[in-house]
Amino acid sequence: MTKILVIEDEDAIRANIIEMLELEGFEPIAAQNGAIGVELVTAHKPALIICDIAMPEMDGYEVLLKVRSDPASAHTPFIFLTARADRSFMRHGMELGADDYVTKPFTFAELRAAIYARLARHVAAPADHEQGLGQAKKTLIQLVSHELRTPLISINMVTDIALRRLEQIPTQQLRELLETLERGAQRLNRVVEQTVFIVQLETNALSWESIAQQRSSITLSDLLIASVDLARRFAYRSPDVSIQLDERDNNTRVLADTRALRHALAELLSNALNFSPEHSNVIVSQWQAEGMIWISILDQGPGIPPEELDKAFEAFQQINREKQEQQGIGLGLPLSRRIIEAHSGTLTLNSVVGKGTQVTIGLPIFEG
Amino acid sequence: MDTRVLVVDDEPDTLNLLRVILEIIGFEPITTLNSLDAIALAEAEKPDVVLLDIMMPDLDGFALCKMMRNYPATRHLPIIFVTAYESLDIEARRVEAGADKLLYKPVNADMLAAAIDEVRAMRA
């Protein structure tokens, strides 16, 4: 039976609620003050708590704080009973973590409705969460299998025709076959690299501690040139888009796991290339402030709507995948951010729909 | 005249590769990445055979195939699904959609040539 704890110092009201709960088929537990109430929460683990606010000694807010601070009851639905109906008073209770409130005097119908609503939501919440996870796993499996299979299929098809019909293949077609082979290998390479960096981040092998310990540094110009080169290989469409490096900075150095940082910047640059309109520029600029070197990557792409901007950092999200014919598994941005953060840096995203997107990276300058 | 083959696949690399393979084995490929363009392209280019990917955005291969079967200009065209998509009911769905044959990726030149001949003979 579903246990419901009632914490109410007024005997008549408490007795009425208990009676109503029994009639509804619940198992009510009664507490005549806050201190007893808190003990009964620990002892009985009720499915829901109904608690008066105005009580001597320990009031309802204090009960709520104690209940919420215990992990065992942190998520137990909590309904306040209050004689005061003003909004600020109620908001205070909600901010502390109450789920609902019922104002006195109340009808049983009102209390009953609040109880069922909270119990239903409480039961529904974990199910939603599980469903979300299930969907995320499914998406991940689809993306990974698509991203691994597609290039492998290409490679298989190319090698098959090349081996069987080599003498029949004109030079132009042979070149195209080899280019497909190259792109397939690069696509696989990217997924493998991403996987390696995720494992390194998860195991802390790639972290600020390890980077600082290695004391390996790179100049900003070398880093940017290497990143642009890799980005060209990541991008599936880019020949008509030029990358404009504002100026070369041969003096500024940053501490880096060079492979990882190059990968992070290349992911960001290739995003910029892939979303750019034909014959446009991706502008890379840099400046120094507050001991940091700041790098901005600006494209003239379609931009990201504000409501999608937060999602952009979630793994395996691809904004408008279908419309943009994107490749990859939607890891570019979240992985880049994690790699940059492992370099004690920051990454922010600004976007204006119809104008473009700007990624700003800040990295601590190495004075070595 | 060469046999004209319309290829619809949303993966640029796969589409390009199918085009090159068809060229090597003597067919004349017509290609599109966008399944929504396929019917108009078929009407304009009058291919002899159609190769359709299944997993495509906007309009998947099953739906496109059904539409082609309802459209006068494409109703009688031989249609082959060329897909990496796997499911237990795929054969039933192929029949329901009205496609003549199903090939799994990776396909090779011989498989493609044989399948194209086969479906053309079926629809002749």
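- Contact of the B/L17 side chain with the A/L177 side chain is registered, since non-hydrogen atoms from C-beta on lie closer than 4.5 Å.
- The contact between B/N108 and chain A is made by backbone and side chain atoms together, counting heavy-atom distances below 4.5 Å.
- Considering CD1 of A/I169 and CD1 of B/I25, their distance stands at 11.0 Å, rounded to 0.5 Å.
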Decide salt bridge (charged side-chain N to carboxylate O under 4.0 Å, His left out) for A/R187 and B/E11; before the verdict, give the C-alpha distance in whole Å, the side-chain angles of both, and the deciding distance to 0.1 Å.
CA-CA 13 Å; A/R187 227 168 132 172; B/E11 267 295 330; 3.0 Å; yes

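- For the pair A/T150 and B/D13, the minimum side-chain heavy-atom distance is 4.5 Å or more.
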Can you check side-chain contact (heavy atoms from CB on, under 4.5 Å) on A/R183 and B/N16, steps first, answer last?
CA-CA 12 Å; A/R183 274 197 304 278; B/N16 202 38; 4.0 Å; yes

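- Within a 6.0 Å radius of OH in B/Y104, other residues, nucleotides and ligands contribute more than 12 heavy atoms.
- Using a 4.5 Å cut-off between heavy atoms, A/E176 contacts chain B through its side chain alone, with no backbone atom that close.
- If you tally non-hydrogen atom pairs under 4.5 Å between each of A/N156, A/V158, A/D160, A/I155 and chain B, the highest count goes to A/D160.
- Residue pairs meeting the side chain to side chain donor-acceptor pair (under 3.5 Å) criterion with at least one member in residues 45-54 of chain B, sequence neighbours excluded, are B/R4-B/E45, B/D53-B/K105.
- Residues B/V20 and A/R175 are not in side-chain contact: their nearest non-hydrogen atoms beyond the backbone lie 4.5 Å or more apart.
- Contact detail for A/I153 and B/A84: the closest heavy-atom pair is CD1-CB, 3.7 Å.
- Listed here is the closest heavy atom pair of B/V107 and A/M157: O-CG, 3.1 Å.
- With contacts defined as side-chain heavy-atom distances shorter than 4.5 Å, the pair B/D110/A/R165 qualifies.
- For A/T180, the part lying under 4.5 angstrom from a heavy atom of chain B is the side chain only.
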